Amino acid sequence: VQLQAFGGGLVQAGGSLRLSCAATGNIFNINVMGWYREAPGKQRELVAQINSGGRSYYGNYMEGRFTVSRDNAKNTVFLQMNSLKPEDAAVYYCYADGVAYNSDYFNFNSWGQGTLVTVSS
C-alpha cells in the first residue's frame with residue numbers, strides 16, 4: 001500500500017492550507033488514517049487521526065485550527081489547516097493502517113513521503 005501526500009507549500013502566517021493524502025494498492029479496508037509532522041530539531045508529533053467511522057483525535061494543541069477528515073470511498077485523508085503560525089512549519093507525513101491483500105490478507109501500516117509546509121511571519 002502506498003500513500004501520496006499533496007498540498008504543502010509556502011503560506012503567510014494566518015493563512016490556510018489543505019493537505020490531502022491518497023492510499024493506493026490492494027486495500028481491503030483502512031482503519032486509521034492521519035497526519036504527523038516533524039520540524040527541524042524536533043520529534044515527530046501527532047497532528048490528527050481519524051478512523052473509518054469518522055471519529056477523530058488530535059494531538060496536543062492541534063484541535064481548533066486543524067481539522068482532519070477522510071473520504072473512505074477514495075481512501076483519502078485530508079488536513080485543513082487554518083490560522084497557520086510559523087511554528088506550524090514542518091514536514092507533514094500521512095499514514096494509514098488497515099488490511100490489504102495479495103494472495104492472502106495481511107495487516108499494513110504505511111507512511112507517505114511527506115509534504116513540506118512553510119509559514120512565513
Side-chain angles (χ1 to χ4, degrees):
V1 176
Q2 294 185 329
L3 274 64
Q4 182 76 41
F6 303 93
L10 172 64
V11 64
Q12 287 189 330
S16 298
L17 279 176
R18 180 177 170 87
L19 307 182
S20 62
C21 175
T24 59
N26 294 334
I27 299 169
F28 178 70
N29 65 39
I30 298 179
N31 180 26
V32 176
M33 302 187 82
W35 297 90
Y36 276 75
R37 71 183 185 186
E38 187 171 335
K42 296 186 177 181
Q43 287 188 330
R44 188 174 294 192
E45 62 178 345
L46 173 69
V47 178
Q49 65 183 36
I50 184 168
N51 68 14
S52 58
R55 186 165 189 170
S56 57
Y57 176 81
Y58 293 86
N60 291 335
Y61 311 114
M62 301 296 179
E63 193 165 12
R65 296 187 298 118
F66 294 178
T67 303
V68 64
S69 60
R70 66 189 276 179
D71 183 335
N72 290 332
K74 296 182 179 180
N75 291 327
T76 300
V77 62
F78 306 97
L79 183 67
Q80 178 67 44
M81 305 185 292
N82 299 327
S83 303
L84 283 163
K85 305 175 181 180
E87 51 265 41
D88 294 318
V91 177
Y92 284 70
Y93 296 91
C94 60
Y95 73 93
D97 71 65
V99 178
Y101 61 89
N102 278 322
S103 56
D104 201 351
Y105 293 96
F106 59 93
N107 295 323
F108 74 89
N109 184 309
S110 297
W111 289 81
Q113 83 285 6
T115 185
L116 178 64
V117 172
T118 305
V119 184
S120 62
S121 57

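Nothing here was measured: the structure is a model prediction, and the numbers come from that model.
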- Message: Quick one, Val117 with Met81, criterion side-chain contact (heavy atoms from CB on, under 4.5 Å). Give me CA distance, side-chain angles, the key distance, then yes/no.
- Response: CA-CA 10 Å; Val117 172; Met81 305 185 292; 3.9 Å; yes
- Message: Is there a side-chain contact (heavy atoms from CB on, under 4.5 Å) between Ile50 and Val77? Walk through the geometry before answering.
- Response: CA-CA 8 Å; Ile50 184 168; Val77 62; 4.1 Å; yes
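Pairing each heavy atom of Ile30 with each of Ser52, the nearest pair is O-CB, 3.6 Å. Closest approach of Ser20 and Phe78 over heavy atoms only: CB-CD2, 3.6 Å. Residues Phe108 and Ala96 approach most closely at CE1-O, 3.6 Å, considering heavy atoms. Closest of all the heavy-atom pairs between Ala23 and Val1 is CB-CG1, 4.3 Å. Closest of all the heavy-atom pairs between Leu17 and Gly7 is CD2-O, 3.8 Å. The minimum heavy-atom distance between Ser121 and Ala13, with the atom names listed, is CA-CB, 4.3 Å.
Looking at residues two or more places apart in sequence or on another chain, you find a side chain to side chain donor-acceptor pair (under 3.5 Å) between Glu38 and Arg44. Every residue two or more places apart in sequence or in another chain that forms a side chain to side chain donor-acceptor pair (under 3.5 Å) with Asn102 is listed here: Asn26. Judged as a side-chain contact (heavy atoms from CB on, under 4.5 Å), and not counting sequence neighbours, the contacts of Glu45 are Arg37, Met62. A search for ring pair (Phe, Tyr, Trp, His ring centres under 6.0 Å) contacts involving Tyr95 returns Tyr36, Trp111, not counting sequence neighbours. In this view, Phe28 and Tyr105 satisfy the ring pair (Phe, Tyr, Trp, His ring centres under 6.0 Å) rule, not counting sequence neighbours. Residues passing the side-chain contact (heavy atoms from CB on, under 4.5 Å) test with Ser16 are Gln80, Asn82, sequence neighbours excluded. Scored by the side-chain contact (heavy atoms from CB on, under 4.5 Å) test, Asp97 finds Asn31, Val32, Asn109 as partners (sequence neighbours excluded).
Rounded to the nearest 0.5 Å, atoms CG (Leu19) and OG1 (Thr115) are 6.0 Å apart. The line from OG1 of Thr76 to CD of Gln4 is 11.5 Å long, rounded to the nearest 0.5 Å. Here CE of Met33 is found 14.5 Å from OG of Ser56. Values are rounded to the nearest 0.5 Å. Between the CG atom of Leu3 and the OH atom of Tyr93 there is a distance of 13.5 Å, given to the nearest 0.5 Å.
Placement of Leu46 and Val91 within a single hydrophobic cluster is found when ILVMFWY residues are connected by side-chain heavy-atom separations under 4.5 Å, directly or transitively.
For residues 63-81, the set of pairs meeting the salt bridge (Lys or Arg N to Asp or Glu O under 4.0 Å) definition, not counting sequence neighbours, comprises Arg65-Asp88. Applying the ring pair (Phe, Tyr, Trp, His ring centres under 6.0 Å) test to every pair with at least one member in residues 6-25, sequence neighbours left out, gives no pairs at all. Residue pairs meeting the salt bridge (Lys or Arg N to Asp or Glu O under 4.0 Å) criterion with at least one member in residues 17-27: none, sequence neighbours excluded. Sorted by first and then second residue, the ring pair (Phe, Tyr, Trp, His ring centres under 6.0 Å) pairs with a member in residues 40-75 form an empty list; sequence neighbours excluded. Counting only residues at least two apart or on different chains, the disulfide bond (SG atoms under 2.5 Å apart) pairs with a member in residues 6-121 are Cys21-Cys94.
Between Leu79 and Thr67, the closest side-chain pair of non-hydrogen atoms is not below 4.5 Å. With contacts defined as side-chain heavy-atom distances shorter than 4.5 Å, the pair Thr118/Val11 does not qualify. Residues Phe106 and Val99 form no side-chain contact, since every pair of their non-hydrogen atoms from C-beta on lies 4.5 Å or further apart.
Remark: Gln2 CD is loosely packed, at most 12 non-hydrogen atoms of other residues, nucleotides or ligands lying under 6.0 Å away.
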